[in-house]
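Reading through the structure tokens given below for one structure.
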Amino acid sequence: TLYYLSAGYLDQDGIIRKRNFTRGGVRLNITSQLSERVSISSRLFASRAVQNGSAPSDGTTSRNYGKSVVGSTLINFPTVSVYNEDGTYSNPKLYSFTVPDIENPVAFVNEILDKNTTNRFQGVVEGKIKLIKGLSNTARVSADNLERRADTYFPKILPQISSGFGQGTLETFTMFN
């Protein structure tokens, strides 16, 4: 019997505070020679990835330019305070010529949820029979299961993106082959 086991883990911080990516995976390969003519083997792989993003601009009116962390940071005036005297987030739209879709970039970083989770399992089991010298027959069964979940939430304290109401979405995708 031959076997191979490996595991990997990645934990990477993004360039924007509170944004990161983590991924872990395990792989197992096993091959057994049951007799001189018959062998069986399996290859299994499982992984999980979690991305905490920053809800980037998607080019639509719901999340455009100043309605993203990077866009708001680039458009915002450096003379506008991040917080009001009472500790609440300031409104970066202090001037009539300010871009209409701008949000407070610090509020954006601290308050939004943009989390994507992916789970995947792949497996193959095969049996091999040597019929005669130089000729064999192999039968394989495989499976691939993919599950994705996207959680997004924009609180009402981000008025340009949430229209004064908290907005959240939950999207799931599942595929099995």
Joint hydrophobic cluster, Tyr83 plus Ile157, side-chain heavy atoms closer than 4.5 Å: yes
Any Val82 side-chain heavy atom under 4.5 Å of Asn104 side chain: yes
Non-hydrogen side-chain atoms of Val80 and Ser90 separated by less than 4.5 Å: yes
Set of salt bridge (Lys or Arg N to Asp or Glu O under 4.0 Å) partners for Arg27, sequence neighbours left out: none
Side chain to side chain contact (heavy atoms under 4.5 Å, CB included) involving Glu147 - partner list, sequence neighbours excluded: Asn119, Asn145, Thr174
Close side-chain approach of Leu44 to Phe121, heavy-atom, < 4.5 Å: yes
Verify same cluster id: Ile30, Val26 (apolar side-chain graph, 4.5 Å): yes
Partner set under side-chain hydrogen bond (donor to acceptor under 3.5 Å, both in side chains) for Arg148, not counting sequence neighbours: none
Ile15 atom CD1, over 12 foreign heavy atoms within 6.0 Å: no
Backbone of Asn29 reached by a side-chain donor or acceptor of Arg43 within 3.5 Å: no
Gap separating the CG atom of Asp151 from the CG atom of Asp114, nearest 0.5 angstrom: 9.0 Å
Greater than 12 external heavy atoms within 6.0 Å of Tyr3's OH: no
Partner set under ring pair (Phe, Tyr, Trp, His ring centres under 6.0 Å) for Phe45, not counting sequence neighbours: none
Donor-acceptor contact below 3.5 Å, side chain Arg37 vs main chain Lys130: yes
Residues that Asn137 engages under side chain to side chain contact (heavy atoms under 4.5 Å, CB included), provided they are two or more places apart: Leu131
Rounded distance [0.5 Å steps], CD in Glu126 versus OG in Ser42: 9.5 Å
Student check: side-chain heavy atoms of Asn110 and Lys18 closer than 4.5 Å: yes
Leu146: hydrophobic cluster co-members (side-chain, 4.5 Å): Phe173, Met175
Side-chain heavy atoms of Ile16 within contact of Val109, under 4.5 Å: yes
Pair Leu34-Ile40, side-chain contact (heavy atoms from CB on, under 4.5 Å): steps then yes or no: CA-CA 7 Å; Leu34 302 178; Ile40 189 167; 4.1 Å; yes
Phe108 to Glu103 - nearest heavy-atom pair and separation: CD1-CB, 3.8 Å
By side-chain hydrogen bond (donor to acceptor under 3.5 Å, both in side chains) - contacts of Thr1 (at least two apart): Ser32
Remaining members of the apolar cluster that contains Leu10, side-chain heavy atoms under 4.5 Å: Phe21
Under the side chain to side chain contact (heavy atoms under 4.5 Å, CB included) test, residues paired with Thr88 that sit two or more places apart: Asn84, Asp86
ILVMFWY network linking Ile112 to Leu74, side-chain heavy atoms under 4.5 angstrom: yes
Thr31 (side chain) donor-acceptor with Ser41 (main chain) under 3.5 angstrom: no
Set of side-chain hydrogen bond (donor to acceptor under 3.5 Å, both in side chains) partners for Glu111, sequence neighbours left out: Tyr89
Those residues that, when tested against Asp144, pass side-chain hydrogen bond (donor to acceptor under 3.5 Å, both in side chains) (two or more places apart): Arg120
Sequence-distant partners of Arg48, salt bridge (Lys or Arg N to Asp or Glu O under 4.0 Å), two or more places apart: none
Evaluation steps, side-chain contact (heavy atoms from CB on, under 4.5 Å), between Lys133 and Leu135: CA-CA 6 Å; Lys133 186 176 181 180; Leu135 180 64; over 6 Å; no
pair Leu158-Gln167: side-chain heavy atoms closer than 4.5 Å: no
Close side-chain approach of Tyr9 and Thr22, heavy atoms under 4.5 Å: yes
N/O donor-acceptor pair under 3.5 Å between Gln33 side chain and Ser35 backbone: yes
